[in-house]
Each structure stands twice: as structure tokens, then as C-alpha cells.
Amino acid sequence: MQNSTLYLQRLRQLLQMEYNSEKEEFRVQSEKMGIKRKIHRGICWYPIEAGRSYYNSLNQLVVEVIKKDHDEADEDIEHLFEYGKPVQFFSFNAQYLNDDIKNKSDIKYFPFSSMVSYVDGDKMVVTLPSSQALIDLQNAQNLGVQLYFDETSYKTMFHALDDVINAKNNRLADLRDIFAGQIKPEKRTFAPMQFPWLNKTQEQAVNEVLWAKDVEVVHGPPGTGKTTTLVEAIYETLHRETQVLVCAQSNMAVDWISEKLVDHGVPVLRIGNPSRVNDKMLSFTYERKFESHPDYPELWSIRKMIRQIKENRKHGDNVHQKIARLRDRATEIEMTINAQLFDEARVVACTLVGSANKLLVRHKFSTLFIDEAAQALEPACWIATRRASRVILAGDHQQLPPTIKCYEAMKQGLGKTLMERIVENQPEAVTLLKVQYRMNDDIMKFSSNWFYHGQVESDDSVKHRSVLDLEHPIQWIDGNEMLQQVNEELKDEEKLKIDFTEQFIGENHGRINKAEAELVLSTLNNYINKIGKERFLAERLDVGIISPYKVQTQYLRQQIRKREEFRPFRQVISVNTVDGFQGQERDIIIISLVRSNDNGQIGFLSDLRRMNVAMTRARMKLIIFGDKATLQHHTFYQKLIQYVDKVTKDEKE
């Protein structure tokens, strides 16, 4: 049991450390980092051009930003621009596309920040603070845009923590003390409902959500149908409540759960633009619904009239009363549209930080659902929790943790999520989903034993699934071991000399192992040939190549694009980091662990949750590439290597 207030005060200090660290990193990045490195990190577009501008339905001046003339090598770079992120524009006195910036005086940052409204491919829509800002952009030469330090999100989290710390004799104070284990959560008592389309643990989880008066955690290991269970729990809750709030850490996670709810026939109001821009997603956003309202044309006309009066008035004209009357009418229409949109919605969906949106200022909800709760910082969860009477969290704290940049803050506990705290402090409020529907049993079993106390089992429908008959569903390939075996059969002068030692690139701990990458690609090519190219394409088999190291993924992508043998299969081969594969699955997963050195150093491979994510993306075949001599110094990898050896040996026998 924790003292809730002291814990949160300490948490606030750690968040301050993270804030200071990220702010300093941004300062150094802005002052010292060259343009090419910013582009390769996905935090900058250059060169760009300012396209058409207009006022959106929320009466914000926006401009389209188009990325142009980028290198072919930049195509695989995953940029980090998304809805709600602040950005800053800059220009150069000279052209630096092919030659990095040499002199600080050559770069000019515009004296305003903007906000991303949405991104789609090479086009981004950005809100601007004034018409003068638009004029400045349109007149600029050699224009670029980069991510700006996100002050707003931190301020929102600090404000939320202060509210929780200072809460007294109210529902927020109750939830604070319940989550800390100081008060036991209460449950309603009524007969359990039956859901024949769910398995027993999914059915139990939905009932536990319905019974919970204060808090419930749905713990969903990989492939166990967490989203299916959560959607069902929300659907059943709406039989008892008028409206619920559904949040997640990222826009992508909010989009995913929103789409599933819409498919279930639930009216969703999405606050904030979706990360995947398509008609289905846009149709339930606040902005699109606002524009579609029958009163919107009148509102648009009034706003246009106000702008024209301001632009055309002459010095000394007294138009204040006329503008005031028009504004009053515009406000009246806005309030009417807003009220109708919220009245029609059964689910309001947004990110955790987005729940501080001014549209939600006076809204309270009986229930808050937080999806992917194990990926969210605790302070972010409190932003939305302030609006709710009870909280349902869903996720898996044995998969990807929140992203934290300050090592010291992480070491001291900032990475511990609200979900983890509740699991520790209120274990009776946790339901584990125990049947997985994704993986061959041999692929699943090690993860189940190591991370979930052996409680997760495979459904019969997937237990023996495989690509080829009589093959090992899980395989470990060690380049050094293979090389040694090959060389044992060769004469001295014929022996192959291949160096599988990792290489270090740049100051940001970028690591690459080109020899291992080459082995990955040759193994994949051989495996496709073994399956048969026609069958591979006809059955639409898909492949995911995962590496914890971004530099390795970039190299693998480049090689796949260059090599003719992969041309027919490029659409079904995806290469990404572990974080990029969260929530996804593939028929065949190949993991390149990269690390190979003489002193057994494995770096952040020791974050085992990432390895859990990587391994559990595979449906039918998992191939792990790694240097056993380096990795087996760590108990987890030692046990994993032994497990793979045992599975391979048992199947041979």
C-alpha cells in the first residue's frame, strides 16, 4: 500500500526531470544537428512548399505543407509528425538539400509555432496563428518544417497531477487512494451475463467490467482478443450508461478502437483527427460532423462576413457593434451544433492528452476506458481520469512500455504505469485473458511461461498452424555457428571469412550488423523458394522483419528494395523496429538481434518486454538471428536458446 499523495508528488518531480531533459535535447537538436540528420530521424521535412490555405470548420487558419524533391533514400524514413504535434518553420539563405548546413547564421526560424492538423503521405495540414504567418511562409525561399518542443502536453500533465494531489473529499481523491491500494475497490452484485461468442476468460473480463464500481484491468497478452473483449465491454456498458469516454496514448490506438466500435454500430465522436486519413475514419471526427451539420453553412457565411468587415474597414470606421452581433450569432450556432453532436454520440474518443480539449471542458463521464494503458505515462492517464467516476484499463504491461527519454527519470520510476500500479496494489481488480488465437503453440509457449506464469494457452484452431508440413515453427540461426560448421568442411585456403561482429554508427547508439542482415536476406530468399514462389503469392503469405535497432531496419529495407529476387514480394515484406510492429502480426516473423561482441554487452535488448512483442507477432513461423555467445550471458536469452533447441530436437525425434 502506498501513500497516494506522496507517490504522486514524487511522480511530478520525475516528470519535471523528463520535461527538462526533453527540452534540453530539443535545444541541442535545433542548434547543433544538421538538416540531413533531422530528416533521417523523421523530425524534419525539407524542402517543402506552402500550398493552399483556408479556414477549417473550427475557424482556424490552416495551410497545406507539401514535401518535395526528397531523395529516394528518404522514402523509408518513418516521420514522427502527427495530429496535435507542434511544429516550427525555418528557411535557409542558401540551398542545403544536398549539402548540410555549415553556419548557424544561414538558418532562420520563424517566430511562431504551429500545430499539425493531419498528415497524409507527403502532405501535411498545419494550423497557423495569424494571416501574417501565412504571408511570411508564402514569401520564404528554401522552406522547411521540424517538430517543435511539445510544451502543451507537459503543461497538461503537470496540471492534471496537481489536481489529483490537491483533490479532497471528491471522486478524484477516492480514485487516487483506490489506485494506491489505500481503499479497496467495490463491486456491484448481479448474475453474470453470458456471451457465447467469447471464450470463458473474455466473458469473465466483460462481467468484471460491468461489476466494477471503481476500477478494473483487462490484461490482454498477445493474440488473446483484448480489443474484441474491450469493444464488447464498452457495448454492454452503453446498455447501462448514456455515454462513455474512450482514450488511448496514441492517435493510432484511438483510431483502432474507434473503428471497431463503429463496425459494432456504436455512434462515435472522435475528438482530434485520425492518424489514418480515409473517409471511414474522417466520417466520425468532430470536424467532419461539424461541417456536415445543416446549420454549418450559415455559420461559415457569418465567419466569412466578419473577416471581410475586418479586412475592408477603413481607419475610423466604427464596426465593433456589427462584429459583436455577428459573433454572438456565430457563438449561438456553434453551441447548438456542439450540443447536438455530443448528444448523438454514445462514445467520445480521443487521446489521453486530447481529453483536455476545450470541447470537453464541461463534460463528465460515468466510465472512462483507457486502451493500451501499459504504454501511457501515469500523468497522462490522470488527464482523462479527472472526467470520470470509474476507470477501466486494458493493455499488457509485459509488452511495450511508455517512451521515456531521461534515463535517470526512468530508472527512478517514471516508466511505471498506472496500470502496473493497479495490478500490484489491487490484484483482485485484474482479469487475465488466457486463450490466444494467433500463434503456433511452440511459438507461444516460451512467452507464456516467462511473462504470464504459463497461464496463456493456444486455441485448438491455431495450435499446430504452420507454413510447411513437418517444419520447426521456431528456429534460431547463429551466423558464427553456421560459419564454423561450413568452414569445418573446407580446406584452409577455402575457408570463408565473414565478420558477424556488430558495428557502431553515430552518437545515438545506432548499431548495425551487415553480415547478419545478409544472412537474414539469403535465409528469407531460400525459404520463399522452399515454399514456392507461386504458392507464396497465391496464399498471400506475409513477412515481418524486426530489429530492435533502427539502423539495421533501414539497411535491410534498402537491400530488399535493391535486390531483384525480392521484387515480386516487396508488398508483403515489411521491415520495422519492435515499436513499429506493436499490435500487428505476420505469417512469418524474422528477428535480427544485431548484437555480437566479445564482452557480452546486449544494451537495450535487456528490455525483455520488447523481445516479447517481437516474438509474438508470428502466426506460423519465427526465425531469430542472434549470436548465442553474446546473448546467453543474459538468463532470458539463455533460456530462450535452450527452449528453441529443445523444440527443434523434440520434433526431430
Review point. With a 4.5 Å heavy-atom cut-off, do L519 and F500 have their side chains touching?
Key: yes
Point to revise | Electrostatic pair K68-D122, nearest N-O below 4.0 angstrom | key: no
Check your understanding: Are D396 and R609 close enough for a salt bridge, meaning some N to O gap below 4.0 Å?
Key -> no
Review point. For F446, which of W476, Y637, F636, F451 qualifies under ring pair (Phe, Tyr, Trp, His ring centres under 6.0 Å)?
Key: F636
Exercise for review: Please report the C-alpha distance between F604 and Y549 in whole Å, then the side-chain angles of each, then the deciding distance to 0.1 Å, and finally whether the ring pair (Phe, Tyr, Trp, His ring centres under 6.0 Å) criterion is met.
Suggested key: CA-CA 9 Å; F604 65 74; Y549 292 93; 4.7 Å; yes
Check your understanding: Is there side-chain contact between H634 and S606, with at least one heavy-atom pair below 4.5 Å?
Key -> yes
Practice item. Report yes if some heavy atom in the side chain of I591 is under 4.5 Å from a heavy atom in the side chain of M611; otherwise report no. Key: yes
Check your understanding: E151 versus K23: any side-chain heavy-atom pair under 4.5 Å?
Key -> yes
Point to revise | Electrostatic pair E516:R511 at N-O distance under 4.0 angstrom | key: no
**Study point:** Criterion side chain to side chain contact (heavy atoms under 4.5 Å, CB included) against V65, the qualifying member of L137, L143, V126
**Key:** V126
Point to revise | Nearest-0.5 Å distance, CG of residue N440 to OG of residue S458 | key: 7.5 Å
Point to revise | K226 bridged to E372 by N-O distance under 4.0 Å | key: yes
Practice item. Mind checking the CD-CG spacing from E502 to N597? Nearest 0.5 Å is all I need. Key: 4.5 Å
Review point. Are side-chain heavy atoms of R535 and V467 found at a separation under 4.5 Å?
Key: yes
Review point. Is the closest side-chain heavy-atom distance between P548 and R610 below 4.5 Å?
Key: no
Practice item. Taking the side chain as every heavy atom from C-beta outward, state whether I35 and I107 have any atom pair closer than 4.5 Å. Key: no
Practice item. Count the heavy atoms belonging to other residues, nucleotides or ligands that lie under 6.0 Å from NZ of K628, then report whether that count exceeds 12. Key: yes
Review point. Does a salt bridge link D542 with R619, judged by any charged N lying under 4.0 Å from a carboxylate O?
Key: yes
Exercise for review: Mind running side-chain hydrogen bond (donor to acceptor under 3.5 Å, both in side chains) on T501 and D499 for me, showing each step along the way?
Suggested key: CA-CA 6 Å; T501 306; D499 187 2; 2.6 Å; yes
Exercise for review: Of all the heavy-atom pairs spanning L622 and A618, show the shortest one and how long it is.
Suggested key: CB-CB, 4.1 Å
**Study point:** Ion pair check, E471 and K530, cut-off under 4.0 Å
**Key:** no
Review point. Within 45 degrees of the axis of the six-membered ring of F110 and under 6.0 Å from its centre: does K108 put its NZ or CZ there?
Key: yes
